[in-house]
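Indexing begins at 1, ligand by ligand and atom by atom, following the structure's order.
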Amino acid sequence: MAKEDQFAVGIDLGTTYSCVAVWQEQHNRVEIIHNDQGNRTTPSCIAFTDKQRLIGDAAKNQAAANPENTVFDAKRLIGRKYSDPIIQKDKMLWPFKVVAGVNDQPMIIVKYKGQEKRLCAEEVSAMVLTNMRQIAEAYLESPVKKAVVTVPAYFNDSQRKATIDAAAIAGLTVMRIINEPTAAAIAYGLDKRTNCVGDRNIFIFDLGGGTFDVSLFTFKDKVIQVKATEGNTHLGGEDFDNRMVNYFVEEFKRKKKVDISGNPRALRRLRTACERAKRTLSYAVDTTIEVDALFQGIDFSSLVTRARFEEINMDLFEECMKTVDACLTYANMDKSSVDDVVLVGGSSRIPKVQKLLQEFFEGKDLCKNINPDEAVAHGAAVQAALLSEDIKNVPDLELLDVTPLSLGTSVKGDIMSVMIPRNTTIPVKRTQEFCTAEDNQSSVLVDVYEGERSRIDDNNLLGYFYLSGFPQVPLGHPLYVCFAIDENGILTVSAEEKTTGNRNQVTITNNIERLSPIEIKRIIQEAERYQVEDRKFRRKANALNALDDYVYKMEKVLKKDDISSQQRKKISSAVIKATNLLKVNDSEDETEMYEDYLIELGSLFDGVIGNFE
Ligand code: AMP
């Protein structure tokens with residue numbers, strides 16, 4: 001077995017933070033993998049400067065100084081059209097530029113090494129995924145090629161496929177796309193499996209950075225069955241941050257008579273301070289937001305109480321509870337039948353959210369025993385191990401997931417005819433007989449929609465195809481349409497005319513929002529170029545630092561009294577030459593020059609320097 005076949009990781013590709021985990025066969029447990037900064041979650045953030053590309057913590061840490069070129073929230077863009085009202089609204093708050101590309105695809109514009117770069121959301125997500133893969137590879141000391149990637153339960157078909165494309169660009173084969181709450185349920189199920197007797201109804205409340213998902217599961221022996229899922233692809237910690245930012249922009253306007261709303265740098269700095277304050281308010285009753293020289297040299301300082309934070313976000317918190325209620329209604333389950341309520345996602349730490357949830361469940365204690373930031377990656381890693389034939393000792397769990405949105409086709413009168421209602425267990429295959437609507441038809445259009453509305457135009461068109469090549473038939477002639485959803489939640493629709501056996505089908509892969517294979521290939525090549533550039537940059541930075549360090553050491557030796565005048569002369573001229581070389585620093589061509597000179601210096605002076613160290 002090739003070494004790279006040994007590891008299949010689980011990746012929680014979050015809106016704000018991502019997390020990677022692996023099943024450790026020898027220890028019989030999941031390991032959450034820390035990044036090179038020692039953190040177990042990594043910001044889903046990419047930055048471009050005139051010298052280099054930065055990912056994760058490094059990107060987030062410089063965001064305030066370089067807001068226009070620091071990209072985050074790719075998950076909010078992925079699989080959506082530019083004209084989507086959600087994108088139009090978000091666009092106002094992003095410090096980076098988003099424009100409409102070909103086929104209404106949103107394109108992010110940044111400046112990298114002095115040149116304009118256009119990136120699609122898949123490309124940015126691929127960079128985050130590449131980083132997660134590299135974090136895992138560094139820890140496992142082995143190539144990683146396969147992963148289970150999680151998405152919000154409410155992600156539609158095109159958002160799921162765009163995520164698979166992003167993984168492909170990152171050099172990862174997606175073993176399966178699973179829903180985030182389902183992954184959390186696996187982690188929870190694993191935790192509880194020893195003392196689970198009979199059926200248990202588990203409610204997963206997952207409030208993250210950008211998305212909100214709730215799901216109701218039933219655990220029975222080794223089977224985890226999703227009963228219902230509800231959610232909002234656009235509700236989470238960032239919305240709470242936005243509310244705070246808007247609140248303080250107004251306060252700044254009122255108190256200092258200046259408007260910072262058009263200044264990305266000031267907004268970014270304020271947002272960072274608000275996010276920090278929000279986290280503090282989860283354990284303290286008040287905190288002070290302080291930003292030095294926020295705008296035009298004016299400092300900003302303001303006390304914010306937990307009560308005020310709750311007040312400005314109350315409608316959003318209440319929205320969360322409505323979603324909880326809707327999920328139970330859909331599952332036709334009374335809240336008293338829920339055995340455990342499990343908190344997942346960083347924003348589930350907010351005390352008011354916990355209080356409202358506890359009140360909703362009539363005082364029930366909430367389960368906080370799995371780490372809310374890691375539960376999703378944890379479950380994804382278990383699922384990855386379950387799907388890897390060669391990995392042994394994985395707990396025997398079986399997962400029955402559901403489809404998040406109804407799927408159907410249009411019938412006469414522009415009505416949505418639902419083929420697979422939402423919350424149907426997947427994989428699933430449903431065939432239905434349809435009749436031709438007019439006389440003498442020899443072809444029909446089969447269109448595929450997702451959504452809950454009865455008027456077809458209110459739903460989302462996923463794709464369409466023609467079934468043709470049969471002789472003209474009278475009105476009412478039967479045709480058979482089949483909708484099938486695989487384990488990834490991905491849909492294939494086929495249609496058949498039985499007298500001729502003519503058949504046509506579409507896997508909803510070619511719809512307009514998706515990248516074409518040529519486009520994917522181009523982005524992969526681009527991603528490889530980025531990798532080469534990153535490597536070159538690191539090599540140069542290392543050479544530059546090493547030479548600089550050597551200069552420092554030589555200068556230290558020059559301060560000593562007990563070196564010969566000949567040595568002093570040689571070292572002094574070496575210091576001058578090295579310092580001049582370091583000043584050149586304006587292209588990658590210098591790397592070898594630095595490295596060569598460093599070798600030369602080493603052979604000349606290592607002995608001398610060693611004597612003084
Ligand atoms: P996730 O997507 O699950 O990683 O959640 C990230 C979100 O959780 C971000 O919006 C964070 O600001 C938020 N978050 C993390 N810790 C806390 C906390 N202690 N209190 C409130 N929000 C938090």
Nearest-neighbour protein heavy atom for atom 23 (C) of ligand 1, which is reported as residue plus atom name and distance:
G346 O, 3.3 Å
Quick check: do T150 and I177 have side-chain heavy atoms less than 4.5 Å from each other?
no
Is there a nitrogen or oxygen of T15 sitting under 3.5 Å from a nitrogen or oxygen of ligand 1?
no
Under 3.5 Å between some N or O of ligand 1 and some N or O of R349?
yes
Quick check: L207 and ligand 1, any N/O pair under 3.5 Å apart?
no
Within the 6.0 Å centroid threshold, strictly below: F295 and F252:
no
Distance (rounded to the nearest 0.5 Å) between L216 CG and M333 CE
4.5 Å
Under 4.0 Å from a heavy atom of G237: give me the atoms of ligand 1 that qualify, with their elements.
10 (O)
Subset of ligand 1 atoms that lie under 4.0 Å from at least one heavy atom of I350
21 (C)
Is there a donor-acceptor pair under 3.5 Å between the side chain of D36 and the backbone N or O of I135?
no
Using a strict threshold of under 4.0 Å (side-chain N to carboxylate O), is an ion pair present between R349 and D373?
yes
Among protein heavy atoms, which lies nearest atom 2 (O) of ligand 1, and at what distance?
G209 N, 3.0 Å
Run the salt-bridge test on E275 and R271 with the 4.0 Å N-O cut-off and return the result as yes or no.
no
Y17 heavy atoms, cut-off 4.0 Å: which ligand 1 atoms fall inside?
4 (O)
Look only at the side chain of E180 and the backbone of A153, and say whether a donor-acceptor pair between them is shorter than 3.5 Å.
no
Counting N and O atoms only, with roles assigned by atom type, does the side chain of R200 sit under 3.5 Å from a partner on the main chain of V338, one being a donor and the other an acceptor?
no
Backbone or side-chain N or O of K278 under 3.5 Å from ligand 1 N or O
yes
Atom 6 (C) of ligand 1 has as its nearest protein heavy atom T16 OG1, 3.4 Å
By number and element, which atoms of ligand 1 are closer than 4.0 Å to a non-hydrogen atom of G345?
3 (O)
The atoms of ligand 1 lying under 4.0 Å from a heavy atom of E275, numbered in the order shown, are 9 (C), 11 (C), 12 (O)
Aromatic contact, F361 with F205 (centres under 6.0 Å)
no
Any heavy atom of G14 closer to ligand 1 than 4.0 angstrom?
no
Identify, by atom number and element, the atoms of ligand 1 in contact range of S282, meaning under 4.0 Å from any of its heavy atoms.
18 (C), 19 (N), 20 (N), 21 (C)
